[in-house]
Amino acid sequence: MSFEKTFAEILDLLLDGVISLEEIERSIEKPRFMNHGDLAFPCFQLARTLRKPPVMIAEELSHQLQNRGDDSFERIVAAGGYVNAFLNKSKTSKKVLTEILEKQNSYGNLNLGKGSTVTIDLSSPNIAKPFSMGHLRSTVIGNSLSLILEKCGYKPVKINHLGDWGTQFGKLITAYKLWGSEEKVKETPIKELLALYVKFHEAAERQPELEQDGRDWFRRLENGDKEALQLWEWFREESLKEFKKIYDLMGIGFDSYAGEAFYNDKMEKIVELLEKKGLLEESDGAQVVRLDEAGLPPCLIKKSDGATLYSTRDLAAAKYRYDEYASAKSLYVVGNEQSLHFKQLKAVLAKIGFDWANGLIHIPFGMMLKDGKKMSTRKGKVVLLEEVLKDSILLAQKNIEEKNPYLHLKAETAEAVGTGAIIFHDLKNFRMNDIEFSLEDMLKVEGETGPYVQYTNARAQSILRKASFNKQNVQIHLNGEADWPVITELLGFPEAVKRAVENSDPSQIAKYVLDLAQAFNKYYGEVRILEENEGKQSRLALVQSVSIVLEEGLRLLGIKSPKEM
RNA sequence: GUCUCAGUAGCUCAGUAGGAUAGAGCAACAGUUUCCUAAACUGUAGGUCGGAGGUUCGAAUCCUCUCUGGGACGCCA
């Protein structure tokens with residue numbers, strides 16, 4: 001049982017129904033300052049009903065609690081309208097460390113999902129385009145979310161909804177036929193295909209008829225034209241090879257690579273269904289579903305030339321996922337700029353009469369900006385993730401040579417630290433914030449960074465190696481001085497996991513892990529852990545627990561924890 | 001024009017189902033290594049929480065208006 005709950009319950013006994021237990025629990029907070037204790041209950045809201053000043057209420061309550069409180073609390077005092085509770089440090093320390101050592105990385109697990117399946121749409125890069133920094137966000141947020149969901153009792157299914165269909169391929173084929181060379185594409189596929197794509201858009205500004213050529217080629221592709229299909233397959237294959245290199249580097253896998261093209265033969269049914277329900281209307285030659293009652297602009301289903309659109313494929317995909325995976329929820333980790341699209345998607349599904357449309361949840365995130373503006377593939381204004389990762393790993397390598405030249409597993413460690421820096425940089429802030437691209441910021445290894453957390457863990461591991469800690473039969477006695485801030489951080493891990501899953505917010509874990517690392521580094525600076533005295537085993541239990549939680553936190557972010565660095 | 005996201009220290013951001021003295025990191029300056037990894041730690045300095053009203057015992061947090069920036073608003077995804 002949590003200490004908040006114990007505190008709430010003994011308060012509830014005294015308050016005798018003036019406010020409910022739930023209300024008490026909700027208003028219990030963590031004081032900002034250590035000298036105010038570990039838990040606080042503000043009495044201001046009681047002042048009116050009890051018709052007494054809050055200071056007096058707090059004093060009365062704390063006075064009565066002193067005798068009644070069990071030994072969970074060291075003392076309970078009133079201070080300016082608050083009842084402040086100080087946890088019994090030695091008992092709490094013993095309890096939390098024992099729990100962590102026993103549960104290991106399952107400490108903080110929740111069973112919210114009860115085994116239900118959740119599909120997660122993530123990463124979803126566009127074929128024939130480079131893997132940009134923008135896709136990085138969806139990839140790392142989605143990956144972390146799936147790990148967090150798994151920890152909370154869900155069964156995540158990661159779907160990489162590849163952008164492998166659409167008018168862009170018509171444009172690309174047009175460009176390839178005009179200016180492309182087979183050798184060049186074979187040599188550096190993504191680079192060459194991107195160059196063609198950019199050239200197309202440059203040329204189309206002067207020759208607008210090219211746009212029509214592009215649309216024509218896409219229609220031929222949809223109609224199964226052999227030449228178009230061959231080129232498309234080739235582009236797709238080459239692109240996928242390159243993407244897999246990046247996923248391997250980041251240690252991310254998927255349960256499905258069913259991209260847009262996968263739904264080509266599944267769209268007709270949805271369109272028929274819309275027709276049958278009389279939801280389809282013609283508008284300027286195109287087929288649309290009107291959504292006035294939801295206060296949304298109409299959703300385009302078919303273009304005037306009969307070709308399908310993004311929305312059409314997403315409708316088919318949503319239905320397929322529900323049918324195939326029986327998913328209770330379906331998450332879409334897709335940029336903020338597509339919010340309207342997902343509102344429309346849900347509205348159309350609801351209009352068809354699918355009650356599961358409610359389970360569709362768009363997890364939006366802010367954009368990666370360059371010079372304050374959105375990056376645009378069309379203008380070739382992109383930063384390539386692969387190069388950023390390479391730079392970061394190289395820097396990690398350099399740091400290892402400088403700081404720990406005799407390290408074993410140098411290459412492996414550099415990879416873990418280099419990618420860790422990039423992933424952490426993306427996850428540490430709330431997802432809705434736009435991020436101005438800055439290589440300098442991403443490569444930082446000091447302060448609030450992934451390498452800082454990894455380093456903290458490596459320090460802890462180093463101590464454990466030297467002491468060969470044995471967790472059996474440890475008598476844990478901590479004095480609750482230097483170690484107390486670390487203990488309270490450890491205590492907070494389950495709450496951090498809960499916040500992360502409830503808000504679909506991996507940054508909660510990142511922030512937590514930083515706080516824990518900071519608390520531990522401070523402790524490390526103040527206390528000689530390996531000193532031979534009666535407290536040594538207890539201190540080692542603390543170090544071991546910190547390492548377990550740091551590693552688990554990093555794991556939930558999709559970051560590795562090297563034992564040495 | 002409509003909708004949406006954001007605005008907190010020089011920079012990057014925490015803190016927002018209202019609560020005590022608004023916190024970190026970076027950058028700056030001053031320190032700490034005969035001692036468990038200095039990718040660390042300690043200290044100094046730095047704030048009209050975009051602005052104006054309102055609700056409240058209490059507002060960075062809630063409401064209204066407003067300013068600034070990003071984005072989305074039919075045949076791209």
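Chain letters run A, B, ... following the sequence lines, proteins first and then strands; every chain starts at 1.
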Taking only N and O in the side chain of A:K428, is any of them less than 4.0 Å away from OP1 or OP2 of B:U12? no
Could you tell me the Watson-Crick or G-U partner of B:C49, where both distances fall under 3.5 Å? Say none if there is no partner. none
Testing B:A77, B:A72, B:C26 for proximity to the side chain of A:R313, the answer is B:A77
Hey, what's the ring geometry for A:H201 with A:Y197, parallel, tilted or perpendicular (30° and 60° as the breaks)? perpendicular
Give the nucleotide from the list B:A24, B:A77, B:C73 with an atom nearest to the side chain of A:E448. B:A24
Under the ring pair (Phe, Tyr, Trp, His ring centres under 6.0 Å) test, which residues partner A:F243, sequence neighbours left out? A:F131
Identify whether the distance between the nearest side-chain nitrogen and carboxylate oxygen of A:K563 and A:E551 falls below 4.0 Å. yes
Give one of base, sugar-phosphate or nothing for A:L340, where a contact means two heavy atoms less than 4.0 Å apart. sugar-phosphate
Could you run down nucleotides 35-41 of chain B 5' to 3' and tag each one B, S or - for protein heavy-atom contact under 4.0 Å? BBBSBSS
Is it possible for you to check whether A:K266 lies under 6.0 Å from the centre of the six-membered ring of A:Y320, through NZ or CZ, and within 45° of that ring's axis? yes
Do any of residues 209-216 of chain A sit with a heavy atom less than 4.0 Å from RNA chain B, and if so which? A:R215
Using the ring-ring contact (aromatic ring centres under 6.0 Å, His included) rule, collect all pairs that involve residues 281-318 of chain A, keeping only residues at least two apart or in two chains. A:Y310-A:H341
Nucleotide B:C76, atom P - distance to CH2 of A:W217 in whole Å: 18 Å
Is the closest side-chain donor-acceptor distance between A:S507 and A:N429 under 3.5 Å? no
Round to the nearest Å and state the distance from A:E260 atom CD to B:A77 atom P. 7 Å
Partner residues of A:Y512 under the ring pair (Phe, Tyr, Trp, His ring centres under 6.0 Å) criterion, sequence neighbours left out: A:F493
Output yes when at least one side-chain N/O atom of A:T167 is less than 4.0 Å from OP1 or OP2 of B:C76, else no. yes
So the side-chain hydrogen bond (donor to acceptor under 3.5 Å, both in side chains) pairs with at least one residue in residues 289-300 of chain A (sequence neighbours excluded) are A:R290-A:D292, A:E293-A:K351
Assign A:A307 to base, sugar-phosphate, or nothing according to its heavy-atom contacts below 4.0 angstrom with the strands shown. nothing
Does anything in residues 283-295 of chain A come within less than 4.0 Å of RNA chain B? Heavy atoms only, and list the residues if so. A:S283, A:D284, A:A286, A:V288
Go through A:W165 and A:W232 one step at a time and tell me if the side chain to side chain contact (heavy atoms under 4.5 Å, CB included) criterion holds. CA-CA 9 Å; A:W165 205 250; A:W232 172 78; 3.7 Å; yes
Can you list every ring-ring contact (aromatic ring centres under 6.0 Å, His included) pair that touches residues 40-60 of chain A, not counting sequence neighbours? A:F44-A:Y82
Produce a footprint string for nucleotides 54-60 of chain B: one letter per nucleotide, 5' end first; B if the base is under 4.0 Å from any protein heavy atom, S if only the sugar-phosphate is, - if neither. ---B---
Qualifying salt bridge (charged side-chain N to carboxylate O under 4.0 Å, His left out) pairs, either residue in residues 445-464 of chain A, two or more places apart: none
Mind checking who B:C62 pairs with, Watson-Crick or G-U wobble, both distances under 3.5 Å? B:G54
The complete set of side-chain hydrogen bond (donor to acceptor under 3.5 Å, both in side chains) pairs with one or both residues in residues 403-415 of chain A, sequence neighbours excluded, reads A:E401-A:K410
Which atoms of nucleotides 5-11 of chain B (N or O only) lie under 3.5 Å from a protein N or O atom, and what are those distances?
none

